[in-house]
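Presented below is the structure to which this report refers.
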There are 2 protein chains.
Amino acid sequence: MVTAAVRVYDELRSGILDSTFEAGSRLSEDRLARLLGCSRTPVREALRRLSAEGLVELLPNRGAQVVSWSSDDLEDVFRMRALLEGHGAALAAETMDTDEVARLHEIADGMAQLSSDGSQSDRDELATLDVEFHRAVLVGSKSRRLLEAHARVVQVPLHQRVMRSYSPAQLQQRMVHHQELVRAIQLGDADWAASVMRAHILSALNILLEGG
Amino acid sequence: MVTAAVRVYDELRSGILDSTFEAGSRLSEDRLARLLGCSRTPVREALRRLSAEGLVELLPNRGAQVVSWSSDDLEDVFRMRALLEGHGAALAAETMDTDEVARLHEIADGMAQLSSDGSQSDRDELATLDVEFHRAVLVGSKSRRLLEAHARVVQVPLHQRVMRSYSPAQLQQRMVHHQELVRAIQLGDADWAASVMRAHILSALNILLEGG
DNA sequence: AGGCCGGGCATTGTATACAACGCTGGGGTG
DNA sequence: CACCCCAGCGTTGTATACAATGCCCGGCCT
C-alpha cells in the first residue's frame with residue numbers, strides 16, 4: 001500500500017518541478033491538507049522530506065516556502081552536475097555491462113529521432129528522456145552514494161524550459177554528445193567519457209547563461 | 001526556543017555517531033519517545049530527517065534501523081570524499097580569502113602539535129579537528145551544494161576509530177598532507193590542491209582497508 | 001505624527017487516540 | 001513430522017485536539 005505521506009510528497013514534488021507551486025510561494029500545512037484531502041500529519045512529513053532534499057525551505061514557526069533559484073544557484077548546480085556526472089561517466093565506462101549500454105544506446109537513438117522535429121510536445125518528451133539518459137549513466141556507475149548525491153543536487157524545476165531553449169543546431173549538437181558518450185562508455189574509455197560528459201553539461205550551462 | 005524535534009534529532013545523531021546506538025539496531029518510535037521524554041511526533045520527525053541523511057533506514061511498517069557499513073560502503077564513501085573534497089580544494093585555492101587560509105593554518109598547526117603525543121584523548125581531539133579542517137576547506141570553496149552533498153556523504157560513525165588506527169608514522173604523514181594542502185591553497189594552485197586532497201583521502205582508505 | 005505596546009490571528013509544534021499493516025507463534029491438518 | 005492458516009500483538013500510519021509561537025494591526029502614549 002502506498003501511504004498518504006508518499007502520495008502527498010509525490011504531488012508536491014511534481015507540482016514544484018512543473019511550477020504549479022511557484023518559486024517563493026508559501027505552503028501552509030493546513031491549506032495543503034485540505035487541498036489534498038488528508039490530515040496535516042502526512043503533509044508535515046512530505047514537507048520535511050522536500051526540505052531535506054532542498055526543494056522547499058522551512059522557516060521555523062513560519063511554515064514552508066518553495067525555494068527560488070538565482071543564476072548563481074544555477075551555475076552551482078551545473079558545476080556540481082559536471083563534477084558528479086563526469087565522475088559517474090568514468091565509472092560507468094569501467095563497469096557498465098552490455099545490457100546497460102544497449103539501454104543507453106536505445107535512449108540516445110530515441111532522442112535523436114525526436115530531435116529532428118521541433119514541436120513543443122517533442123521537446124517535453126526529450127526533457128524526460130534526457131533525465132532518463134543521464135540517470136542511466138549514473139546507475140551504471142554502480143555507486144549508490146553518487147546516485148544519491150546527484151538526485152539531491154538536480155532539483156531544478158527547469159528541465160523542460162532548458163530543453164525548449166535550445167536552437168535546432170544546439171539540439172543536434174547535444175545529440176552528438178550523447179552518441180559520443182555512449183561510444184566512449186562502450187569502448188571503456190573512462191577519461192574520454194568523463195570529458196565528454198563534463199563538456200556536455202558545461203555547454204548547457206553556457207547556453208543557459210547566455211540565452212537567459 | 002529549540003523544538004523537541006531538534007533536540008531528539010541531535011540526541012539520536014550523536015548517539016549514532018558515537019555508537020551508543022549500534023549499527024543494525026532497531027529504533028522503535030514509542031521506545032525512543034519514552035526514553036527521551038516526549039511524544040512520538042517529534043521522534044518521527046527526527047527519524048525521518050536522519051533517514052534522509054542516510055544515518056538510519058526506514059523499513060515500511062517495520063520501523064527504523066541504524067544503518068550498517070560494509071567495506072564496499074566505506075570504499076564508496078571515501079571515493080566520494082576524494083571526488084567532492086578534491087574539487088572543493090581546487091575551488092578553495094581559487095577563492096579562499098586570507099582570513100580563511102589563516103584559520104586553516106591554525107587548525108593544521110594545532111593538529112600537528114597534538115599529533116606528537118599518542119594518548120587516546122588526543123586522538124579523539126584530533127578526529128574533531130580533522131573534521132573541522134576538511135569542513136573549512138569546503139566552506140572556502142563557496143559552493144553551498146558541494147558542502148551539502150559532502151555533509152550527506154560523510155556520515156560515517158567511524159571518525160574516532162579511523163583516527164586511532166593510524167600508526168605514529170602514518171599520523172605524521174597525514175599532518176604533512178595538511179600542511180602541503182594549506183600551502184597549495186595559499187599559493188592558489190588549484191590542481192595541486194586537488195591532487196593533494198585526493199591523495200590524502202585515498203591513502204586513508206588504503207590504511208583502512210589494509211588495517212581492517 | 002511617530003513609535004511602542006498588547007491582543008488577536010494564523011500558523012506551526014506537540015500530544016494522544018485510533019486505524020491499518022505485517023510479523024510471529026501456536027494449533028490444526030495432511 | 002512438516003506445512004499452512006489465523007489470531008494476537010507490536011509497530012507504524014493517520015487524524016484530531018490543544019499548546020505555543022510569531023506576525024500584524026490598532027490603539028495609546030509621548
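Per chain, numbering begins at 1; letters A, B, ... match sequence-line order.
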Does a side-chain N or O of Arg48(A) approach OP1 or OP2 of dG13(C) to a distance below 4.0 Å, or not?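 Yes, Arg48(A) has a side-chain N/O under 4.0 Å of OP1/OP2 on dG13(C).
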Which class fits the ring pair His177(A) and His200(A): parallel under 30°, tilted 30 to 60°, perpendicular over 60°?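 Ring orientation, 0 to 90° scale: perpendicular.
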For the base of dG10(D), is there a side-chain donor-acceptor partner from Arg62(B) under 3.5 Å away?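 By the distance-only test, no, there is no pair.
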Record whether the side chain of Arg26(B) comes under 3.5 Å of the base of dG10(D) through a donor-acceptor pair of N or O atoms.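 No such pair is found, so the answer is no.
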Do the charged groups of Glu132(A) and Arg103(A) touch, with an N to O distance under 4.0 Å?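 Between Arg103(A) and Glu132(A) there is a salt bridge, with a charged N closer than 4.0 Å to a carboxylate O.
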Under-4.0 Å salt bridge between Arg144(A) and Glu148(A):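 Result for this pair is yes, salt bridge flagged.
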Pairwise 5' ranking along DNA chain D for Ser39(A) and Leu47(B), keeping only the more 5' one: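 This one resolves to Leu47(B).
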Per the end-axis method with five pairs at each terminus, what is the bend angle of the helix from dA1(C)-dT30(D) to dG30(C)-dC1(D), to 10°?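 Both end axes considered, the difference amounts to 10°.
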Categorize [X] for me: base, sugar-phosphate, or nothing, with a 4.0 angstrom heavy-atom threshold over every strand shown.
X: Ser28(A); answer: sugar-phosphate
X: Arg31(A); answer: nothing
X: Leu27(B); answer: sugar-phosphate

In whole Å, what is the span from the CZ atom of Arg49(A) to the P atom of dG13(D)?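 Checked: the CZ to P distance equals 12 Å.
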How do Gly63(A) and Thr41(A) order along DNA chain C: which one's closest nucleotide is nearer the 5' end?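 Result of the comparison: Gly63(A).
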